[in-house]
**Q** 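Okay, handing you the structure first.
Note on naming: letters A, B, ... go to the chains in the order of the sequence lines (proteins, then strands), and numbering restarts at 1 for each one.
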Amino acid sequence: MANPTKLVVDCTTGITEEIELTDAEVAQMKADAEAYAEQKAAEETAAAADEAKKVSGKAKLKALGLTDAEIDALVK
Amino acid sequence: MATTFVKIQTVTVGSGGAANIEFTSIPQTYTDLKVVASLRTDNAGVEAVMIEFNGLNTNLSGRRLTGDGGSAGSDTLTNIRFAICTAANTASVFSNGEFYIPNYTSANFKSVSVDGVNETNGTNAVQSLVAGLWSATAAITSIKLLGNSAGNFVQYSTATLYGIKSS
């Protein structure tokens, strides 16, 4: 089965070539994809943690007597 | 104010798809560069297009603002990217975005301004504004656009490289 191809545009000559990726390039793509998936998962975990802190913080402010509007004005 | 705005090259992906798109032998006669892209991937997962310079995927970073119509957020990136449409989005819809690179021939680090949206004609669309940085002093001679997964850009995806002169 052929490897995926890339488009390479030479800006000096204007020639566009469709070039099959080497096995090494394909392996690098897969490794990069795995690394990105891990990075994305870490970003989502961090974002969820931030959201949880925001919810917790708002609840504590409300327990202190602030209204929802006052809390939104503080944290937006 | 720019006095010259020139299309250097444009490329459209054919029926076989393309794993990445690369502009090589970029003329060093302009002041700034701009890449405008309309992209879709055949991967169904979360997908973004990343930009790399001179064949390198190192020394890239960014600070990103995102909005999805319901909430906004910000984060720090270890690459320079914006979200693009995937096989899971409404059919035949492509994302749109641009990368602007001022002073690409200078011996300083290169800033990259990114503005992109994965318009999906659905409930999930993300706009990204990225302040990117390529921490390298070499002049930019090639630019590569690639997805973050092992998928391909689909047919009719396009990318155009423009050169901008300040005088």
**Q** Going only through I, L, V, M, F, W and Y residues with side-chain contacts under 4.5 Å, is there a path from B/Val11 to B/Val154?
**A** no
**Q** Can you check whether B/Ser25's main-chain N or O pairs, donor with acceptor, with A/Thr12's side chain at less than 3.5 Å?
**A**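 Side chain of A/Thr12 to backbone of B/Ser25: a pair is present.
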**Q** Looking at every heavy atom in both A/Asp10 and B/Gln9, which two are closest together, and how far apart are they?
**A**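 Minimum heavy-atom separation between A/Asp10 and B/Gln9: O-NE2, 4.3 Å.
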**Q** Could you check which of A/Val8, A/Leu21, A/Asn3 has the highest count of heavy-atom pairs closer than 4.5 Å to chain B?
**A**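 It is A/Val8.
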**Q** In terms of hydrophobic clustering (I, L, V, M, F, W, Y; side-chain heavy atoms under 4.5 Å; direct or indirect links), are B/Phe94 and B/Met50 co-clustered?
**A** no
**Q** Would you check if the side chain of B/Thr24 reaches a backbone N or O of A/Val9 as a donor-acceptor pair within less than 3.5 Å?
**A**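 Yes, B/Thr24 side chain to A/Val9 backbone: donor-acceptor pair under 3.5 Å.
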**Q** Check A/Leu7 against B/Thr12 and note the closest heavy-atom contact, atom names and distance.
**A**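 Residues A/Leu7 and B/Thr12, closest heavy atoms: CD1-O, 4.1 Å.
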**Q** At a 4.5 Å cut-off on heavy atoms, which part of A/Thr5 comes close to chain B: side chain, backbone, both, or neither?
**A**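 Interface part for A/Thr5: both.
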**Q** Are B/Phe109 and B/Phe99 linked, directly or through intermediate hydrophobic residues, by side-chain heavy-atom contacts shorter than 4.5 Å (ILVMFWY only)?
**A** no
**Q** Give the minimum heavy-atom separation between A/Glu18 and B/Gly17, together with the two atoms involved.
**A** OE2-O, 4.2 Å
**Q** Are B/Ile21 and A/Ile15 linked, directly or through intermediate hydrophobic residues, by side-chain heavy-atom contacts shorter than 4.5 Å (ILVMFWY only)?
**A** no
**Q** Any heavy-atom pair between the side chains of B/Asn148 and A/Gln39 that's under 4.5 Å?
**A** no
**Q** Tell me if the CD atom of A/Glu17 is crowded by more than 12 foreign heavy atoms within 6.0 Å.
**A** no
**Q** Say whether B/Val6 and B/Ile26 are linked into one hydrophobic cluster, either directly or through other cluster members, by side-chain heavy-atom distances under 4.5 angstrom.
**A**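 Yes; B/Ile26 is reachable from B/Val6 via cluster members.
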**Q** Looking only at heavy atoms and a cut-off of under 4.5 Å, which of A/Met29, A/Lys30, A/Glu25 has the most pairs with chain B?
**A**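 When all of A/Met29, A/Lys30, A/Glu25 are compared, A/Met29 has the most.
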**Q** Heavy atoms only, distances under 4.5 angstrom: which of B/Asn152, B/Leu145, B/Leu146, B/Thr78 has the most pairs with chain A? Name it, please.
**A** B/Thr78
**Q** Between atom CD of B/Glu22 and atom CD1 of A/Ile19, what is the distance when rounded to the nearest 0.5 Å?
**A**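 The CD atom of B/Glu22 sits 8.5 Å away from the CD1 atom of A/Ile19.
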